[in-house]
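Down below is the structure, laid out as structure tokens.
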Amino acid sequence: MTLSEALDWLYSTQFFGIKLGLENTRALIAAAQIDVSGAKVIHVAGTNGKGSTCAMIEAIARESGLKTGLFTSPHLVDFAERIRVNGEMIPDDELLEGICFVRKLAESVEQAPTFFELALILALRYFMKQGVELIILETGMGGRLDATNAVAKDVAVLTPIGLDHQQYLGDTLAAVAAEKAAIIAPSRVVVTAAQEPQAMQVITETATAKDALLILAEPHERIPQLALAGPHQRQNAAVAMEAFSAIHRLPSQVKLAHALGNVDWPGRFEQVKSPAIILDGAHNAHAARVLVETWKEKFGDERAAIVFAASADKQIQEMLPLFDAIVGEWHLVPCSSPRILPVGEMAELLAGCVTTPIYQHESLEAGLRAAEQSELRALAAGSLFLLGDIKAHIKHQKKRQTVQ
């Protein structure tokens with residue numbers, strides 16, 4: 001197989017859907033003879049800030065001289081973004097060999113593996129081959145039954161928890177928190193960001209029941225200037241520093257400043273020059289509030305011409321009034337993901353809750369062009385799938401349709 005053919009096969013496994021549970025993942029790990037017990041593992045769950053926190057942990061670890069393996073999701077354009085060693089994406093030859101391996105593995109097991117399970121096996125196997133010393137795993141969804149929870153960890157990390165994926169995780173904050181807090185390992189360390197009282201109560205009770213050491217991370221004076229924008233990133237940095245401290249001494253203040261001052265995590269209030277637009281992966285109510293706060297900190301009372309698309313299964317009606325606090329005009333565009341709510345339906349939703357102008361576009365290119373030509377500053381938000389489409393457009397790259 002060529003790499004393109006291999007990726008076509010891998011993406012086809014998305015049709016098996018999402019299957020929560022650990023039994024199949026554990027069987028796959030055993031069948032693949034994966035042993036990462038020689039590495040420390042930090043496991044990160046939460047509703048928002050997971051990717052940024054993972055990136056910060058990885059940067060601190062690399063600055064400390066550790067060889068790192070980072071597994072995150074989703075990717076924006078290239079599948080290889082999900083699997084990195086020492087900050088570098090898995091190379092094409094390793095990715096091809098890995099996909100060929102997991103395809104044979106998939107054919108040898110009774111239950112068809114999911115796309116996410118196969119991605120995790122690919123990552124763990126590559127990390128094992130590379131001899132990494134620290135593995136950072138971002139949960140795909142939830143925690144208790146997420147495939148990443150099949151991997152033994154040294155530190156569990158909980159970023160801010162809010163309502164998301166209610167159809168899988170529950171429709172109360174306490175229920176969602178219980179799913180995510182289930183990554184806490186007995187007699188190990190758990191680091192949490194500041195949480196809503198309901199979520200914090202669940203986390204505290206879970207940590208106590210498992211005899212885990214609970215550390216509440218709060219922003220402090222040792223946090224240096226950050227590369228990632230927004231006041232919430234100081235909270236993420238505090239969490240990252242506490243998580244790393246649980247397994248290794250922090251580097252010097254100079255090295256720490258270098259690590260956190262150079263973290264690159266695309267799609268988090270990322271300012272792109274051509275076209276002139278800000279990309280932010282705000283895709284739920286909590287993230288929308290954070291984006292509005294960051295926008296106001298950076299641009300005051302300026303309004304945005306927003307290029308917008310959102311997944312139909314998200315809290316769209318809760319998000320829209322929040323975005324409206326900074327939006328002067330809406331540019332609705334189609335997106336490559338089948339999960340995205342169609343432009344016409346989105347326009348109907350918007351018409352019922354905003355008074356600012358709403359423009360419907362037949363293509364992403366038309367929406368981007370209109371937003372860039374607006375007198376207002378351009379912003380794109382609402383879905384990471386949208387951001388992936390925009391990045392692919394900017395880079396003139398082909399992007400495969402993905403739902404996970």
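The structure presented is a predicted model; accordingly, all values stated were derived computationally and were not measured. When reading the values below, keep in mind they use all heavy atoms of this one structure, side chains included, and skip hydrogens, waters and symmetry mates. The first residue of the sequence shown is numbered 1, and numbering continues consecutively from there.
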Over 12 non-hydrogen atoms of neighbours within 6.0 angstrom of [atom1] in [X]:
| X | atom1 | answer |
| --- | --- | --- |
| E318 | CD | yes |
| Q225 | CD | no |
| H248 | NE2 | yes |
| K296 | NZ | no |

Start with the C-alpha gap between E88 and R84, add the side-chain angles, then the distance that decides, and say whether salt bridge (charged side-chain N to carboxylate O under 4.0 Å, His left out) holds. CA-CA 5 Å; E88 298 294 327; R84 300 172 189 255; over 6 Å; no
Is the Lys NZ or Arg CZ of R339 less than 6.0 Å from the centre of F385's six-membered ring, within 45° of the axis?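 No, R339 and F385 do not form such a contact.
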E133 vs R62, salt bridge (charged side-chain N to carboxylate O under 4.0 Å, His left out): CA-CA, chis, key distance, verdict: CA-CA 10 Å; E133 297 166 286; R62 195 153 25 101; over 6 Å; no
Member of T25, T139, L22 meeting the side-chain contact (heavy atoms from CB on, under 4.5 Å) criterion with T148: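 The option that passes is T139.
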Parallel, tilted or perpendicular, as decided by the 30° and 60° cut-offs, for the rings of H331 and H361: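 Taking H331 first and then H361, their aromatic rings lie parallel (interplane angle under 30°).
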Quick test of your reading: applying side chain to side chain donor-acceptor pair (under 3.5 Å), list the pairs with at least one residue in residues 204-215, sequence neighbours left out, ordered by first then second residue.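 Output for this query lists Q201-E205.
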What verdict does the salt bridge (charged side-chain N to carboxylate O under 4.0 Å, His left out) test give for E63 and K255, after you've listed the backbone C-alpha separation in whole Å, the side-chain angles of each residue and the deciding distance to 0.1 Å? CA-CA 6 Å; E63 194 68 36; K255 289 188 174 183; 5.5 Å; no
Below 4.0 angstrom, N of the basic side chain to O of the carboxylate: do E94 and R125 qualify?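 Salt bridge: no.
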What verdict does the salt bridge (charged side-chain N to carboxylate O under 4.0 Å, His left out) test give for R188 and D154, after you've listed the backbone C-alpha separation in whole Å, the side-chain angles of each residue and the deciding distance to 0.1 Å? CA-CA 6 Å; R188 297 291 186 176; D154 297 277; 3.7 Å; yes
Quick check: F71 with F127 (ring centres under 6.0 Å apart)?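 No - the distance between ring centres of F127 and F71 does not fall below the 6.0 Å cut-off.
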Spacing of [atom1] belonging to [X] relative to [atom2] belonging to [Y], to within rounding of 0.5 Å:
| X | Y | atom1 | atom2 | result |
| --- | --- | --- | --- | --- |
| L322 | L291 | CG | CG | 10.0 Å |
| K153 | L137 | NZ | CG | 8.5 Å |
| E302 | R377 | CD | CZ | 4.0 Å |
| L66 | T68 | CG | OG1 | 8.0 Å |

Nearest non-hydrogen partners of K180 and A45, listed with the distance: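 Distance-wise, the nearest heavy atoms are O-CB, 4.2 Å.
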Would you name the heavy atoms of I277 and A380 that are closest together and state the gap between them?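 Answer, listing the atom of I277 first, then A380: CD1-CB, 3.8 Å.
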